[in-house]
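One structure is given below, encoded as structure tokens.
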Amino acid sequence: MLCLSVITRLCSRGESIAFAYSVDYSSRETAARLGRVTTSHNSFATPAFMPVGTQATVKCLVGEELEQMGAGIILSNTYHLFLRPGEDIISEAGGLHSFMHWDGSLLTDSGGFQVFSLASRNRLTEQGAVFSSHIDGSTHEFTPERSVQIQEKLGADIIMAFDECIPYPAEKEYIRSSVERTTRWARRCQEAQRRSDQALFGIVQGGVDQEMRLLSLEQLVALDFPGYAIGGLSVGEPKEMMYEVLDRLMPLMPRDKPRYLMGVGSPDCLLEGVMRGVDMFDCVLPTRIARNGAAMTSKGRVVLRNAQYARDFTPLDPECTCSTCRNYSKAYLRHLFMSTEILGPRLVTLHNLHFLLNLMEQIRQAIREERFLEFRQRFYTTYQARGSGF
RNA sequence: GUAGAUGUAGCUCAGCUGGCAGAGCAUCAGAUUGUGGCUCUGAGGGCCGUGGGUUCAAGUCCCAUCAUCUACC
């Protein structure tokens with residue numbers, strides 16, 4: 001099998017390797033591949049799911065627990081940390097790793113997405129985005145340069161280009177102008193970068209327009225990023241559209257660079273993404289729905305508030321080896337949610353992340369043994385998708 | 001014992017000079033994909049304390065009665 005091993009040396013002074021990605025195995029039956037990302041903090045196997053810890057915390061859990069369940073990398077967020085506590089405080093703490101006590105790899109999103117999804121009265125110019133804080137209404141401006149500057153102070157291993165994530169649906173000409181601006185912004189991010197120990201990923205945009213996606217990819221590849229993200233998907237479009245975009249786009253993405261599908265994390269989307277060659281995913285779904293009492297299982301969603309679990313003394317998933325499933329029943333978990341006890345969100349967050357990280361481990365093993373398609377097929381026979389595909 | 005107030009959904013209460021029984025919370029169910037533990041959506045739920053009366057029509061007006069609360073003796 002084709003085995004690529006390319007090390008991206010970001011460190012111009014020739015010091016230790018700051019970032020490397022290698023493809024260890026490429027599936028014969030699909031476009032899936034096994035790989036490894038190495039940062040100055042650790043190395044982790046791909047395809048990987050990255051738990052989201054927006055505000056320098058994966059809500060409800062501590063780092064040791066994440067590490068124990070197999071998380072090699074987690075996400076945090078420029079927009080949120082800039083507003084609170086501010087990048088200077090985190091820098092003074094010795095950087096994000098030290099501040100939040102996480103020794104694994106870290107990735108920070110650029111804040112582009114949040115400026116449009118959370119902030120109000122935002123205004124876009126070629127220079128950047130002016131927006132009002134969702135916390136206190138104060139006015140701020142993010143530019144590509146500012147975003148990189150903040151992300152350098154935060155100190156994650158992987159940082160993201162400041163992009164414009166357009167809503168679905170969108171007019172073609174609007175998509176085109178946003179793709180071109182995202183490219184110009186990506187170049188400015190590269191030029192603004194001062195630190196040599198962080199990998200800056202570019203973000204492919206283009207909505208669900210195939211031509212615009214390819215244009216975006218072409219422009220970004222010319223800039224030679226150490227990794228490429230696919231943004232602007234899973235923003236309300238039908239899943240088939242997302243898969244169609246991936247079908248066209250993935251074969252054209254650089255083979256020797258990691259490919260990161262942003263904001264996608266329902267079990268079926270993970271399978272479909274991996275099959276098309278995606279290496280990294282992040283998603284708030286497992287942690288967010290956990291706090292609302294929904295658990296991910298191999299059979300689909302279990303909404304713990306449902307009355308049918310009031311006297312169900314069996315675990316969420318008898319096969320699951322997480323501490324929640326080993327020690328607690330659905331009836332107990334339901335009780336915790338009905339009485340709004342804080343332990344409920346915590347126990348289900350623990351389970352949901354364990355479920356997804358374990359799913360990724362199973363996926364990697366299936367790829368290694370050339371039985372990914374069979375694994376996928378078997379998964380779908382017991383899995384009942386609802387709502388978001390979960 | 002006397003006087004006053006109050007009885008409307010599981011809970012807390014709206015309901016005008018009589019005209020199809022309402023809200024919030026709770027319950028039941030749905031949504032959530034580069035995170036506000038937020039939020040959103042839908043559903044079920046009523047002998048209007050009880051018994052009479054007036055009226056075309058009473059949660060609403062009148063009488064009686066029961067219950068609860070408060071004050072006084």
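Lettering of chains follows the sequences in order, A, B, ..., and the numbering in each one begins at 1. Nothing here was measured: the structure is a model prediction, and the numbers come from that model.
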Modelled atom types, side-chain donor and acceptor of [X] and [Y], under 3.5 Å:
| X | Y | result |
| --- | --- | --- |
| A:Thr321 | A:His354 | yes |
| A:Ser91 | A:Asp88 | no |
| A:Gln205 | A:Asp163 | yes |
| A:Asp157 | A:His97 | yes |
| A:Tyr380 | A:Asp268 | no |
| A:Thr108 | A:Gln151 | yes |

Nearest of [options] to any side-chain atom of [X]?
| X | options | answer |
| --- | --- | --- |
| A:Val264 | B:U33, B:G34, B:G36 | B:U33 |
| A:Asn306 | B:G30, B:G36, B:U33 | B:G30 |
| A:Asp282 | B:G30, B:G34, B:G36 | B:G34 |
| A:Lys59 | B:A31, B:G37, B:U33 | B:G37 |
| A:Asp109 | B:U27, B:G34, B:A31 | B:G34 |

Which of [range] sit near RNA chain B, with a heavy atom under 4.0 Å from it?
| range | result |
| --- | --- |
| residues 125-149 of chain A | A:His134 |
| residues 284-300 of chain A | A:Val284, A:Leu285, A:Thr287, A:Arg288, A:Arg291, A:Asn292 |
| residues 334-360 of chain A | A:Arg334, A:Met338, A:Ile342 |
| residues 202-215 of chain A | A:Ile203, A:Gln205 |

Nearest-Å distance for atom pair [atom1]/[atom2], residues [X] and [N]:
| X | N | atom1 | atom2 | result |
| --- | --- | --- | --- | --- |
| A:Leu83 | B:G36 | CG | P | 11 Å |
| A:Glu164 | B:G34 | CD | C1' | 15 Å |
| A:Lys239 | B:A31 | NZ | P | 12 Å |
| A:Phe113 | B:U33 | CZ | P | 8 Å |
| A:Tyr168 | B:U33 | OH | C1' | 16 Å |
| A:Leu233 | B:G34 | CG | C1' | 11 Å |
| A:Arg84 | B:G36 | CZ | C1' | 8 Å |
| A:Met50 | B:U33 | CE | P | 17 Å |

In the structure shown, which nucleotide is the Watson-Crick or G-U wobble counterpart of [N], with both distances under 3.5 Å?
| N | result |
| --- | --- |
| B:C47 | none |
| B:G42 | B:C28 |
| B:A23 | B:U12 |
| B:G4 | B:C69 |
| B:G34 | none |
| B:C61 | B:G53 |

Margin query: Please compare A:Arg386 and A:Gln55 by the position of their nearest nucleotide in RNA chain B and report the one closer to 5'.
Written below: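 In this pair, the answer is A:Arg386.
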
Check: Taking for each residue the nucleotide of RNA chain B bearing the nearest heavy atom, is the 5' side occupied by A:Ser266 or by A:Cys60?
Finding: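 Its nucleotide being nearer the 5' end, the pick is A:Ser266.
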
Next item on the list: Identify, with sequence neighbours excluded, every residue that meets ring-ring contact (aromatic ring centres under 6.0 Å, His included) alongside A:Tyr79.
Entry: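 Here the qualifying residues are A:Phe131, A:His134.
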
Expressed as a whole number of Å, how far does the [atom1] atom of [N] sit from that of [M]?
| N | M | atom1 | value |
| --- | --- | --- | --- |
| B:C38 | B:G4 | P | 49 Å |
| B:G59 | B:U50 | C1' | 14 Å |
| B:U54 | B:G22 | C1' | 27 Å |
| B:C25 | B:C66 | C1' | 30 Å |
| B:G45 | B:A3 | C1' | 39 Å |
| B:G30 | B:C61 | P | 44 Å |
| B:G44 | B:U6 | C1' | 29 Å |
| B:G18 | B:A23 | P | 24 Å |

Only counting residues at least two apart or in another chain, list the ones meeting side chain to side chain contact (heavy atoms under 4.5 Å, CB included) with [X].
| X | result |
| --- | --- |
| A:Met338 | A:Arg305, A:Arg334 |
| A:Glu369 | A:Gln365, A:Arg371 |
| A:Cys283 | A:Phe49, A:Leu285, A:Pro286 |

Check: Are A:Glu64 and A:His101 side-chain neighbours, meaning at least one heavy-atom pair lies under 4.5 Å?
Finding: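 Yes. Closest side-chain heavy atoms under 4.5 Å.
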
Check: Do A:Met296 and A:Ile289 come within less than 4.5 Å of each other through their side chains, counting heavy atoms only?
Finding: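 A:Met296 reaches A:Ile289 side chain to side chain.
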
Notebook entry, point to check: Considering residues at least two apart in sequence or located in another chain, which fulfil the salt bridge (Lys or Arg N to Asp or Glu O under 4.0 Å) criterion with A:Asp209?
Noted result: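 With neighbours one apart ignored, the set is A:Lys172.
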
Check: salt bridge (Lys or Arg N to Asp or Glu O under 4.0 Å) with A:Arg346: which residues, sequence neighbours excluded?
Finding: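 Counting only residues at least two positions away or on another chain, A:Arg346 forms a salt bridge (Lys or Arg N to Asp or Glu O under 4.0 Å) with A:Glu65.
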
Could you go through nucleotides 9-12 of chain B and list every protein N or O atom that sits under 3.5 Å from one of its N or O atoms, giving the distance for each pair?
none

Checklist line | side chain to side chain donor-acceptor pair (under 3.5 Å) against A:Lys59, all qualifying residues, sequence neighbours excluded | finding: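 Result, side chain to side chain donor-acceptor pair (under 3.5 Å) vs A:Lys59: none returned.
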
Next item on the list: Test salt bridge (charged side-chain N to carboxylate O under 4.0 Å, His left out) on A:Arg378 and A:Glu374 and set out the steps.
Entry: CA-CA 6 Å; A:Arg378 219 179 50 226; A:Glu374 180 210 324; 3.4 Å; yes

Check: Contact class for A:Gly112 vs. all strands (heavy atom < 4.0 Å): base, sugar-phosphate, or nothing?
Finding: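 Nothing, no heavy atom under 4.0 Å.
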
Margin query: Need one value for A:Asp163: base, sugar-phosphate or nothing, where a base atom within 4.0 Å counts as base even if backbone is also close, heavy atoms only.
Written below: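 Counting heavy atoms under 4.0 Å across all strands, the contact made by A:Asp163 includes a base.
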
Notebook entry, point to check: Side-chain N or O of A:Arg305 less than 4.0 angstrom from OP1 or OP2 on B:C28?
Noted result: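 For A:Arg305, the contact criterion (side-chain N or O under 4.0 Å from OP1 or OP2 of B:C28) is not met.
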
Item checked: Backbone of A:Gln127 reached by a side-chain donor or acceptor of A:Arg188 within 3.5 Å ->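 Yes, the answer is positive, given that a donor and an acceptor are paired below the 3.5 Å cut-off.
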
Item checked: Cation over ring face, A:Arg36 and A:Tyr21, 6.0 Å, 45° ->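 No, a cation-pi geometry is absent between A:Arg36 and A:Tyr21.
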
Notebook entry, point to check: Once the angle between the rings of A:Tyr228 and A:Phe225 is folded into 0 to 90°, is it parallel (under 30°), tilted (30 to 60°) or perpendicular (over 60°)?
Noted result: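 Perpendicular, since the angle between the ring planes exceeds 60°.
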
